[in-house]
Amino acid sequence: MSYHKLLSRQLKKYSTDELSSNETFLRFIDAVNDSYAAFDRDKDLSDHAFTVSQQEFNEINERLSDEVELRKFSIAKLKETLNNIKTDTVEHIAGNDDDLLEIMDMLNDEILRRKEVEKKLVEAKEEAEKASLAKSEFLSIISHEIRTPLNAVIGMGHLLLKNNPRPDQVDNLETLKTSSDNLLVLINDILDFNKIEAGKLDLEIAPFNIKKLIKDIVSANKNGANERENRMALVIDEKVPDYFMGDALRIGQVFNNLVSNAVKFTHRGFISVRIDLQKLKPGSALLHISVHDTGVGIAKENLENIFTPFMQASTSITRQYGGTGLGLAISRRILGLFNSDVMVDSELGKGSKFHFLIELKTVNADEIHLLENDIAGFDLKNKRLLLVEDTLFNVLYATQLLEGWNATVDVAENGQIAVDMTQHTDYDIVLMDLQMPVMDGYTATLKIRGFNQKVPIIALTAAATSDVRDKVLDSGMQDYIVKPFNPSELILKLKKYLN
């Protein structure tokens with residue numbers, strides 16, 4: 001039997017033949033040999049275990065070192081970010097990279113500051129909403145107070161021109177008409193600018209004759225052109241259809257701004273107005289509309305200023321030519337509602353060309369025939385109308401207009417009288433003013449709707465703000481007309497609801 005090497009050396013040194021033959025001694029030697037072998041095995045296991053533990057320790061220590069470095073880097077980046085979001089008035093974070101308590105304090109301060117800012121923003125928003133409401137109410141009142149007498153001025157001018165005035169009176173009446181129309185354009189510009197800024201300017205979709213619209217605008221500006229010794233030419237492409245669907249008022253507003261500007265800034269020059277058919281499509285047409293003048297022109301560095309609200313090309317423009325600087329700004333924004341934009345080519349001292357492309361839906365032949373019949377030979381014979389109006393001049397204008405179409409017209413001075421009259425008389429239509437003493441038009445309409453759901457009620461209002469339209473419809477009226485109104489607009493509304 002082979003023994004452990006240490007045991008073998010000891011046996012060679014100390015064992016005898018007698019001991020080698022002793023059974024008891026041999027069993028003892030076997031036990032000692034087993035102990036040596038067990039010791040070696042334990043030692044090998046212990047050494048292996050230590051080697052593995054040392055390796056694992058080194059790996060864990062390396063990972064911990066990496067995590068510590070990553071933590072330091074993260075804290076540094078966090079400090080950098082927090083310093084970037086701090087205001088200039090707040091002290092920035094410095095300190096050690098491990099200073100998490102400083103960061104927590106700073107975060108807490110920043111959160112408190114942000115909450116204070118948010119509170120102030122909420123308060124500012126509430127104040128802005130109050131100011132917006134006050135502005136809306138102010139514009140509504142101003143609109144009513146200005147438009148009401150202006151309606152009488154324009155209306156009476158229309159009636160006087162209609163009643164065959166003497167030749168020496170025609171020029172005076174035309175001047176009156178032009179001046180009142182210009183004043184109306186100014187009022188519309190101011191009110192429309194407010195509506196556009198609030199995003200509440202809606203486009204009306206109705207058939208209109210674009211050739212007649214543009215001819216009327218050119219004609220209305222001829223007096224001003226003649227005063228400045230200008231020549232004007234209107235060229236309409238014969239391929240342009242007569243009728244389109246769209247908002248004639250807004251398109252006319254843009255066109256009038258361009259033409260009146262050309263007249264205003266040109267003296268002893270030439271103004272060319274053109275409508276060209278760019279492309280005819282199924283159901284629509286793309287038109288190119290341009291106004292070219294030989295007036296003062298605009299320097300290149302001032303071209304963008306002319307589209308800024310209340311701005312002119314230069315400070316001397318307002319002193320020399322007048323104007324609010326709103327016309328082109330509003331024109332650009334109105335055209336934006338048509339997915340279009342106004343373009344300008346100009347050179348100082350050589351004139352300007354303003355032009356734009358606009359796509360409009362065409363009107364079929366049957367609709368054109370009905371539209372032309374609406375205007376021609378309009379007659380309200382056997383129709384009884386109730387006019388609810390408290391302003392004497394407006395009553396005179398409206399009654400003369402309606403009676404000129406053979407209508408029977410009754411007048412109520414306020415909403416309460418209108419309610420009483422509709423209870424005893426069957427009217428074909430009611431024309432309702434909104435702001436009146438005793439009872440306003442909204443309240444009167446609600447009371448009338450309590451016992452009469454059928455009679456059409458159209459609001460006649462001098463307030464042109466967008467919330468007025470919603471209140472009109474909510475109160476039970478079918479439609480509204482903004483004063484001052486032109487006769488053709490009233491005809492279309494009457495024809496629509498009397499049928």
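At least one donor-acceptor pair under 3.5 Å links the side chain of Thr399 to the backbone N or O of Val395. A side-chain donor-acceptor contact under 3.5 Å links Asp237 to the backbone of Leu277. A distance-only check finds a donor-acceptor pair linking the side chain of Gln453 to the backbone of Arg449 [under 3.5 Å]. Side-chain atoms of Ser340 never come within 3.5 Å of backbone atoms of Gly336 as a donor-acceptor pair (strictly under, hydrogens ignored). Side-chain atoms of Ser284 never come within 3.5 Å of backbone atoms of Lys281 as a donor-acceptor pair (strictly under, hydrogens ignored). Remark: side-chain polar atoms of Asp479 are not paired, donor with acceptor, to backbone N or O of Ile458 under 3.5 angstrom. Thr445 contributes a side-chain N or O that, together with a main-chain N or O of Gly441, makes up a donor-acceptor pair within less than 3.5 Å. Remark: the backbone N or O of Tyr243 is not paired with any side-chain donor or acceptor of Lys211 at under 3.5 angstrom. Looking only at distances, a side-chain donor or acceptor of Thr362 sits under 3.5 Å from a matching main-chain atom of Gly283. Remark: side-chain polar atoms of Thr461 are not paired, donor with acceptor, to backbone N or O of Leu434 under 3.5 angstrom.
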Decide side-chain contact (heavy atoms from CB on, under 4.5 Å) for Ile275 and Val235; before the verdict, give the C-alpha distance in whole Å, the side-chain angles of both, and the deciding distance to 0.1 Å.
CA-CA 6 Å; Ile275 309 178; Val235 179; over 6 Å; no
For Thr443 and Asp440: C-alpha separation, side-chain torsions, deciding distance, then whether side chain to side chain donor-acceptor pair (under 3.5 Å) applies.
CA-CA 6 Å; Thr443 306; Asp440 61 53; 3.1 Å; yes
Using side-chain contact (heavy atoms from CB on, under 4.5 Å), reason through Ile251 and Leu360 one step at a time and then give a plain yes or no.
CA-CA 11 Å; Ile251 294 172; Leu360 298 171; 3.9 Å; yes
Derivation of the side-chain contact (heavy atoms from CB on, under 4.5 Å) call for Asp247 and Phe208:
CA-CA 8 Å; Asp247 194 323; Phe208 71 100; over 6 Å; no
Criterion side-chain contact (heavy atoms from CB on, under 4.5 Å) on Leu357 and Leu287, from CA distance to verdict:
CA-CA 6 Å; Leu357 291 169; Leu287 304 179; over 6 Å; no
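Asp379 and Asn406 are linked by a side-chain donor-acceptor pair at a separation below 3.5 angstrom, with hydrogens and angles left out of the test. Side chains of Thr266 and Asn230: a donor-acceptor N/O pair is absent below 3.5 angstrom, by distance only. Side chains of Asp420 and Gln416: a donor-acceptor N/O pair is present below 3.5 angstrom, by distance only.
Once rounded to the nearest 0.5 Å, the distance linking CG of Leu460 with OG1 of Thr391 reads 11.0 Å. The line from CD1 of Ile358 to CG of Leu286 is 9.5 Å long, rounded to the nearest 0.5 Å. Atom NZ of residue Lys130 and atom NZ of residue Lys125 lie 12.0 Å apart, to the nearest 0.5 angstrom. One finds the NZ atom of Lys361 at 10.0 Å from the CD atom of Glu359 (value rounded to the nearest 0.5 Å). Once rounded to the nearest 0.5 Å, the distance linking OG1 of Thr294 with NE2 of His267 reads 11.0 Å. How far NZ of Lys383 is from CG of Leu380: 8.0 Å, rounded to the nearest 0.5 Å.
Remark: of the listed residues Val296, Ile298, Ile271, Val296 is the sole one forming a side chain to side chain contact (heavy atoms under 4.5 Å, CB included) with Phe265. The only member of His355, Arg274, Gln278, Lys279 that meets side chain to side chain donor-acceptor pair (under 3.5 Å) when paired with His288 is His355.
A salt bridge is absent between Lys353 and Asp345; no separation between the charged side-chain nitrogens and carboxylate oxygens falls under 4.0 Å.
Side-chain contact check for Gln478 versus Tyr497: some heavy-atom pair is nearer than 4.5 Å. Side-chain contact between Glu116 and Leu112 is absent, with no heavy-atom pair separated by less than 4.5 Å. Inter-residue side-chain proximity for Ile289 and Val273 is flagged as unmet; no heavy-atom pair is nearer than 4.5 Å. Annotation: side chain of Met477 is not in contact with side chain of Val430 (no heavy-atom distance under 4.5 Å). At a threshold of 4.5 Å between non-hydrogen side-chain atoms, the residues Phe244 and Asn209 do not count as touching. For the pair Phe255/Val218, a side-chain contact is recorded, criterion being any heavy-atom separation below 4.5 Å from C-beta on. Within the 4.5 Å cutoff, no side-chain heavy atoms of Leu280 are placed close to those of Lys239. At a threshold of 4.5 Å between non-hydrogen side-chain atoms, the residues Arg384 and Thr425 count as touching.
The heavy-atom pair separating Val254 from Phe356 by the smallest distance is CG1-CE2, 4.0 Å. Between Gly224 and Val263 the shortest heavy-atom distance is C-CG1, 3.6 Å. For Asp433 against Met436, the heavy-atom pair with the smallest separation is O-CE, 3.3 Å. Scanning all heavy atoms of the two residues, the minimum distance from Met232 to Asn221 falls at SD-O, 4.2 Å. In this structure, Leu431 and Leu385 approach most closely via the heavy-atom pair CD1-CD2, 4.4 Å. Nearest approach of Asn257 to Ser331, heavy atoms of both residues: ND2-OG, 3.1 Å.
Geometrically, Lys471 engages Tyr442 in a cation-pi contact, judged by NZ or CZ lying under 6.0 Å from the ring centre and within 45° of the ring axis.
Residue Lys447 qualifies as open at atom NZ: its count of foreign heavy atoms under 6.0 Å is 12 or below. Counting non-hydrogen atoms of other residues, nucleotides and ligands closer than 6.0 Å to CD of Glu413 gives a total of 12 or fewer. The number of heavy-atom neighbours closer than 6.0 Å to NZ of Lys222, taken from other residues, nucleotides and ligands shown, is 12 or below.
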